[in-house]
Chemist: 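Please find one structure pasted underneath; my questions will follow.
Chain identifiers are assigned alphabetically (A, B, ...) following the order of the sequence lines, protein sequences preceding nucleic acid strands; residue numbering begins at 1 within each chain.
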There are 2 protein chains.
Amino acid sequence: MKLASLKSGRDGKLVVVSTDLAWYASADMIAPTLQAALDNWDRVETDLRNLATDLDHEVIPRERFHERLAAAPLPRAFQWADGSAYVNHVALVRQARNAEMPDSFWHDPLMYQGGSDGFLGPRDAIPLADEAWGCDLEGEVVVVTGDVPLGASREEALAAIRLVGLTNDVSLRNLIPGELAKGFGFFQSKPASAFSPVFATPDSLGDWWKDGKLHRKLMVDVNGKAFGRAEAGVDMTFDFGTLVAHAARTRKLGAGTIIGSGTVSNRGEDGGPGKPVSEGGVGYSCIAEIRTIETIRTGKPETPFLKAGDTVRIWAEDDRHHPIFGVIEQTVGG
Amino acid sequence: MKLASLKSGRDGKLVVVSTDLAWYASADMIAPTLQAALDNWDRVETDLRNLATDLDHEVIPRERFHERLAAAPLPRAFQWADGSAYVNHVALVRQARNAEMPDSFWHDPLMYQGGSDGFLGPRDAIPLADEAWGCDLEGEVVVVTGDVPLGASREEALAAIRLVGLTNDVSLRNLIPGELAKGFGFFQSKPASAFSPVFATPDSLGDWWKDGKLHRKLMVDVNGKAFGRAEAGVDMTFDFGTLVAHAARTRKLGAGTIIGSGTVSNRGEDGGPGKPVSEGGVGYSCIAEIRTIETIRTGKPETPFLKAGDTVRIWAEDDRHHPIFGVIEQTVGG
């Protein structure tokens, strides 16, 4: 089952989307918003699934689904917490800014609390008041949970995952060092994230969802060129069950909690930093990582951060190159 | 005008509370929840204020207001961000753990993104799975904002403050050093916060609300003994206008954003660490601070963190010793 929220008010209007993303049927007689559906999942899941089946069988009235009319599936949420499960990425970024990475990072997940009061839709422009802030994309996988009890095990956490999707976790790189130096984590350096037009239930992903990981390539284009083709199921040190359980260690999580993987990142063939797509590598899911590799190689970064007018595309594909969650496609500024 | 949410479902049921906190009238024909009221403030404010006036004039049906039936005014919120406006507190706590405090802390606000997916009501027990985590209270002032545009000035931010209240920002002190060492801020060390039974509009506070600060004592009792009597309007380095503007520097804030002051803390008469209430001082609004002072004085902390069965009370009073926002009164564990 695939769900989306058409732009409408602060919380959108819940729709069920066909597997091929071509059609939708309104779900508002079942639940007006995705948050309402997640709040009452046990009561509404069957009705939503029946609607999705009817839609795929073309036995109910349906309308064309246009990704440009979609808000983030949760246009605002009560929690957005982002992990750093691809520890390779963290190690590289730290290496480039000469910051040490403790060995504990390989067995204790890093996670920060993000702002969730307003997300960007998949086609919304990225607001950027000052290019000097160093605007970057971060391509990530996300899950949405139901209620998760305090102290949930990895297995309980996995069972509480309701939906899977993608995000562009926008970061203001040049604000990060100063902010992290203050010791309280990110705040101004993490403006609103954008999400894929559609979120999908884990079962609908078949073999692509296994062991708490999405086993598909994360496709990232910048300004129309292939930038990242990393395998989301590879080099993910902490699976989503572990990440959700980490978040729930000292407090329960409310339904509709969004947990992110952190920037998807693969090691190179030799175990070292990977190559750009143009050199036959899988590339990168954020600009900071290619800048890091440039710094390691030549002593200084070359690829600039995003400027007004730059475009970013993030998606994942099925075997016939059709987007699974739709496409995040954003322009900076404006 | 004073607003509260009676326990009901995930978001409570909005009520208007009389100035003396003795009575309430249901507001659900105006807005079912406080979040809904904040989402539509321009449309509902007048109706809510008229209802509050009618309630105080005893010209409408009313019911007894019992604080034990109140949830947090926002039982869950789309954003909770907590500042550290009483820089004196930060300086003391850092001094005790031999961590340096940069001078910039006196002019650039510290703020962390907190979890907002589920808050504790004013009489809810503090869930504590492990006493070794070092459970502490933190008595703070909070404001709730309407929509705040990206890049809002301090004055615009002040004008967007809809409500004022109090919080017990529960902290797990023994998890903080390890978590801050990872560099991404608090997460497991900050379980659910509790809020005062009632939030009040700034205008209803008269002279007690001035220059973006609450000019009342923050009363804190631990296990029935006076623990803190610090003046919330004194030694607050950053007023709420500055804190809200800080939060909105790189992204707009959604209606219903809660911004906290950080632990209220006053300097001692000589400018140094203050004295306990039992020694004629104003005391402290968290246990970490008295432990800090004990460490500075004698080399080691004496006051233990909270254990199962311990009680915490946090409130502010009018001139006749009546609570302004009601009383946060919590027992640990159970």
Side-chain angles (χ1 to χ4, degrees), chain A residues 9-11 35 39-40 76-84 94 99 101-102 104-105 108-118 127-130 133 147 150-151 170 172 175 178-192 246-257, chain B residues 9-11 35 39-40 76-84 94 99 101-102 104-105 108-118 127-130 133 147 150-151 170 172 175 178-192 246-257:
Chain A
R10 292 180 185 264
D11 294 297
Q35 182 64 51
D39 285 347
N40 302 291
R76 54 181 180 173
F78 294 106
Q79 179 153 246
W80 157 231
D82 198 9
S84 284
R94 295 229 169 187
M101 190 183 87
S104 66
F105 279 28
D108 180 29
L110 257 187
M111 185 173 282
Y112 74 88
Q113 192 86 51
S116 56
D117 58 317
L128 180 60
D130 188 345
W133 290 342
D147 291 305
L150 189 161
V170 180
L172 302 174
L175 299 185
E179 206 153 46
L180 293 195
K182 289 160 74 177
F184 275 23
F186 307 102
F187 196 95
Q188 294 178 338
S189 51
K190 292 284 185 181
H246 179 86
R249 182 175 167 227
T250 61
R251 55 185 166 101
K252 62 184 178 176
L253 310 179
T257 288
Chain B
R10 293 180 185 264
D11 294 297
Q35 182 64 52
D39 285 347
N40 302 291
R76 54 181 179 172
F78 294 106
Q79 179 153 246
W80 157 230
D82 197 10
S84 285
R94 296 229 168 186
M101 191 183 87
S104 66
F105 279 29
D108 179 30
L110 256 188
M111 185 171 282
Y112 73 89
Q113 192 85 48
S116 56
D117 58 317
L128 181 60
D130 188 344
W133 290 343
D147 292 304
L150 190 162
V170 180
L172 301 174
L175 299 185
E179 207 154 44
L180 292 196
K182 290 160 74 180
F184 275 23
F186 307 103
F187 196 96
Q188 294 179 337
S189 51
K190 291 285 184 178
H246 179 86
R249 182 177 167 227
T250 61
R251 55 186 166 100
K252 61 184 178 176
L253 310 179
T257 288

Chemist: In Å and rounded to the nearest 0.5 Å, what is the CG to CZ distance from A:Asp39 to B:Arg76?
Modeler: 4.0 Å
Chemist: Let me know if A:Leu172 has heavy atoms under 4.5 Å from chain B in its side chain, its backbone, both or neither.
Modeler: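 Side chain only.
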Chemist: Checking heavy atoms, do the side chain of A:Ser104, its backbone, both or neither come under 4.5 Å from chain B?
Modeler: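 Interface part for A:Ser104: neither.
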Chemist: In this structure, is the centre-to-centre distance between the rings of A:Phe187 and B:Tyr112 below 6.0 Å?
Modeler: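 Not close enough - the centres of the two rings lie 6.0 Å or further apart.
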Chemist: Checking heavy atoms, do the side chain of B:Arg10, its backbone, both or neither come under 4.5 Å from chain A?
Modeler: side chain
Chemist: Let me know if A:Asp82 has heavy atoms under 4.5 Å from chain B in its side chain, its backbone, both or neither.
Modeler: neither
Chemist: What is the minimum heavy-atom distance between B:Lys252 and A:Asp117, and which atoms define it?
Modeler: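 Closest pair (atom of B:Lys252, atom of A:Asp117, distance): O-OD2, 3.7 Å.
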Chemist: Out of B:Gly256, B:Ala247, B:Gly151, return the one with the most heavy atom pairs under 4.5 angstrom to chain A.
Modeler: B:Ala247
Chemist: Checking A:Ala248 against chain B: side chain, backbone, both or neither under 4.5 Å from a heavy atom?
Modeler: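 No part of it gets close to chain B.
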Chemist: Taking the side chain as C-beta and beyond, is there a heavy-atom pair between A:Asp108 and A:His246 under 4.5 Å?
Modeler: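 Heavy-atom side-chain distance check passes, below 4.5 Å.
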Chemist: Could you tell me which non-hydrogen atom of A:Ser189 sits nearest to which non-hydrogen atom of A:Leu175, and how far apart they are?
Modeler: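 So the two residues come closest at CB-CB, 3.9 Å.
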Chemist: I'd like to check A:Gln188 versus A:Trp133 (side-chain heavy atoms, cut-off strictly below 4.5 Å). Are they in contact?
Modeler: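 Sidechains of A:Trp133 and A:Gln188: no contact.
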Chemist: Picking from A:Leu110, A:Leu150, A:Leu253, which has the most non-hydrogen pairs under 4.5 angstrom with chain B?
Modeler: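 Looking at each option in turn, the highest pair count goes to A:Leu110.
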Chemist: Given heavy-atom pairs under 4.5 angstrom as the criterion, report whether the side chain, backbone, both or neither of A:Asp130 touches chain B.
Modeler: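 The answer is neither part of A:Asp130.
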Chemist: Would you mind checking which part of B:Ala255 comes under 4.5 Å of any heavy atom in chain A, side chain (CB onward), backbone (N, CA, C, O), both or neither?
Modeler: both
Chemist: Given heavy-atom pairs under 4.5 angstrom as the criterion, report whether the side chain, backbone, both or neither of B:Ala192 touches chain A.
Modeler: backbone
Chemist: Mind checking whether A:Phe184 and B:Met111 have side chains closer than 4.5 Å, heavy atoms only?
Modeler: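 With C-beta onward as the side chain, the pair stays apart.
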Chemist: Please classify the contact of A:Ala181 with chain B as side chain, backbone, both or neither, using a heavy-atom distance under 4.5 Å.
Modeler: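 Contact with chain B: none, neither part.
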Chemist: Against chain A, work out which of B:Lys190, B:Gln79, B:Arg249 has the most heavy-atom pairs shorter than 4.5 Å and name it.
Modeler: B:Arg249
Chemist: Given the options A:Pro102, A:Ser84, A:Gly115, which has more heavy-atom pairs under 4.5 Å with chain B than any of the others?
Modeler: A:Gly115
Chemist: Any side-chain heavy atom of B:Thr257 sitting closer than 4.5 Å to one from B:Phe78?
Modeler: no
Chemist: For A:Ser116, is it the side chain, the backbone, both or neither that has a heavy atom under 4.5 Å from a heavy atom of chain B?
Modeler: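 Contact with chain B involves both backbone and side-chain atoms of A:Ser116.
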Chemist: Just wondering, do A:Phe105 and B:Lys182 contact through their side chains at under 4.5 Å, heavy atoms?
Modeler: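 The answer is yes, as the side chains (C-beta and beyond) meet within the 4.5 Å cut-off.
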Chemist: Please look at A:Ala129 and chain B and tell me whether the side chain, the backbone, both or neither of the residue comes under 4.5 angstrom of a heavy atom of that chain.
Modeler: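 Answer is side chain: those atoms of A:Ala129 sit under 4.5 Å from chain B.
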Chemist: When heavy-atom pairs shorter than 4.5 Å are enumerated against chain B, which of A:Ala81, A:Gly9, A:Gly114 gives the highest number?
Modeler: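 The candidate making the most pairs under 4.5 Å is A:Gly114.
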